[in-house]
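FYI, the numbering just counts along the sequence from 1. Note that these values count all heavy atoms, side chains included, but never hydrogens, waters or copies made by symmetry.
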Amino acid sequence: MAASTEAAALEESFRKFAIYGDTKATGQEMNGKNWAKLCKDCKVSDGKSVTSTDVDIVFSKVKGKTARVINYEEFKKALEELAPKRFKDKSKEEAYEAICQLVAGKEPVNVGVTKAKNVGAVERLTDTSKYTGSHKERFDESGKGKGKSGRENIVDTSGYVSAYKNAGTYDAKVKK
């Protein structure tokens, strides 16, 4: 029971890393960049016993000759290749189990992603409460954009001249 749960968690991690950074990815195949990210984020490569070069070599070894990606089965083979190198003191099976535990249940980490700051002039320029004229009409009170209705002049098809104070009163005056 525990083995099937761990296998599902391992496959889920594979899929999450496979689609990371690629909007067109299906999660069935992983490229070399995402394989290297998985090894780094899950601490499979430690910089001593398993380096980034080892990770790249194993990726090239398990993928097809002309392929640029690996599938889930090749991914498991790649982990088998790295396991004895990462856990030298354990047997092959124990090392594979240990490396699967490192990877299972993990997902890509967004470390070093730059966050935008509103400082100084940028803050003043993006504060919609200070907008004037026609620009003010494009945003509601909360500062959210109105979309197309804020950009285009909506034509009044009521038949009255704009700003006419008795608009809409004709039908009330004329009795049939």
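In this structure A67 satisfies the side chain to side chain contact (heavy atoms under 4.5 Å, CB included) test with no other residue, sequence neighbours excluded. E12 is linked by a side-chain hydrogen bond (donor to acceptor under 3.5 Å, both in side chains) to nothing, counting only residues two or more places apart in sequence or in another chain. Every side chain to side chain contact (heavy atoms under 4.5 Å, CB included) that K33 has, sequence neighbours left out, goes to N31.
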Just distance, no hydrogens or angles: give the donor-acceptor pairs under 3.5 Å from side chains in residues 88-101, sequence neighbours left out.
residue : atom : partner : partner atom : Å
S91     : OG   : E94     : N            : 3.4
E94     : OE1  : S91     : N            : 3.4

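Judged by the 6.0 Å distance and 45° axis criteria, K37 is not positioned over the aromatic ring of F17.
Scanning all heavy atoms of the two residues, the minimum distance from M30 to L38 falls at CE-CD1, 4.1 Å. Nearest heavy atom pair, residue P108 against residue Y20, reads CB-CD1, 3.3 Å. The two residues R86 and K43 make their nearest non-hydrogen contact at NH2-O, 3.0 Å. For F59 against V69, the heavy-atom pair with the smallest separation is CZ-CA, 4.2 Å. The heavy-atom pair separating G27 from A18 by the smallest distance is CA-CB, 4.0 Å. Here the closest non-hydrogen pair linking S45 and V55 is CB-CG2, 3.9 Å.
Here the SG-CG distance, from C39 to L79, works out to 7.0 Å after rounding to the nearest 0.5 Å.
Of the N and O atoms on the side chains of D54 and T51, at least one donor lies less than 3.5 Å from an acceptor on the other residue.
The local environment of NZ in K106 is crowded, with over 12 non-hydrogen atoms from other residues, nucleotides or ligands closer than 6.0 Å.
Side chain of W35 to main chain of D56: no donor-acceptor pair is present (N/O by atom type, distance under 3.5 Å, no hydrogens or angles). Checking side-chain atoms of N71 against main-chain N and O of E29 turns up no donor-acceptor pair under 3.5 Å.
Residue pairs meeting the salt bridge (Lys or Arg N to Asp or Glu O under 4.0 Å) criterion with at least one partner in residues 14-25, sequence neighbours excluded, are E11-R15, K16-E107. The stretch residues 65-74 participates, sequence neighbours left out, in these salt bridge (Lys or Arg N to Asp or Glu O under 4.0 Å) pairs: E73-K76.
Between L10 and Y72, some side-chain heavy-atom pair lies under the 4.5 Å cut-off. A 4.5 Å side-chain heavy-atom check between T26 and I19 finds every atom pair outside the cut-off. At a threshold of 4.5 Å between non-hydrogen side-chain atoms, the residues F87 and L82 do not count as touching.
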